[in-house]
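Data first, discussion second: the structure below is written as C-alpha cells.
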Amino acid sequence: MLMPLWLFLVSSFAVAVITGLANPSHGGLLTQVIQCLLGILSLATIIAGFCFYGWKIGLLNFFVVLTAANVGVWLFQCLLKKSRYI
C-alpha cells in the first residue's frame, strides 16, 4: 500500500529542510555524517517518487526537495545571524 501523496511530499519537504539545517561547516564529523545520511534519504525520496508515483510526481518531488533544502540553509543562516547579536 502506497503512502498518500500529500504525506509523501510533506515528509520529503521535512527531510530536506532538516538536511539544509545540518550545516557541516559549523559542526564536526558527526554533523557531516548526519548531513550525508539525510542527503541520501532525500535522494531516496526522489527515487521513490519516480518509482512509485511516476515521472510527474518524481519531478515535482525533486523540486520540492531542492526548494526545501534551500529553505533549510536560509533558516540556518537567519538563526546564525540572530545568535550573533545575543
Side-chain angles (χ1 to χ4, degrees):
M1 182 171 173
L2 286 176
M3 183 186 304
L5 182 61
W6 66 271
L7 185 61
F8 177 72
L9 292 175
V10 167
S11 62
S12 297
F13 185 85
V15 168
V17 167
I18 294 170
T19 304
L21 281 172
N23 195 341
S25 65
H26 287 80
L29 181 63
L30 182 63
T31 309
Q32 289 179 349
V33 170
I34 289 171
Q35 188 183 31
C36 178
L37 293 174
L38 288 169
I40 291 170
L41 184 61
S42 294
L43 180 63
T45 61
I46 293 171
I47 292 171
F50 278 105
C51 291
F52 296 127
Y53 294 103
W55 70 271
K56 291 178 185 176
I57 301 300
L59 192 62
L60 175 68
N61 192 28
F62 172 74
F63 289 119
V64 165
V65 167
L66 187 68
T67 303
N70 286 323
V71 166
V73 170
W74 176 76
L75 282 173
F76 178 79
Q77 290 174 350
C78 286
L79 292 172
L80 187 66
K81 286 179 186 176
K82 286 187 178 186
S83 69
R84 288 183 182 167
Y85 294 121
I86 295 176

Is there a path from [X] to [Y] through hydrophobic residues (I, L, V, M, F, W, Y) whose side chains come within less than 4.5 Å of each other?
X	Y	result
Leu7	Leu5	yes
Phe62	Val71	no
Leu9	Leu41	no
Leu38	Val33	no
Leu66	Leu60	no

Over all atoms of both residues, closest heavy-atom pair of [X] and [Y]:
X	Y	result
Val15	Ser42	CG1-OG, 3.5 Å
Thr45	Phe8	O-CZ, 3.1 Å
Phe50	Leu59	CZ-N, 3.7 Å
Phe13	Ala68	CD1-CB, 3.3 Å
Met3	Ser11	SD-OG, 4.3 Å

Find the distance between [atom1] ([X]) and [atom2] ([Y]) and round it off to the nearest 0.5 Å.
X	Y	atom1	atom2	result
Ile40	Leu43	CD1	CG	8.0 Å
Asn61	Ile47	CG	CD1	11.0 Å
Leu21	Gln35	CG	CD	10.0 Å

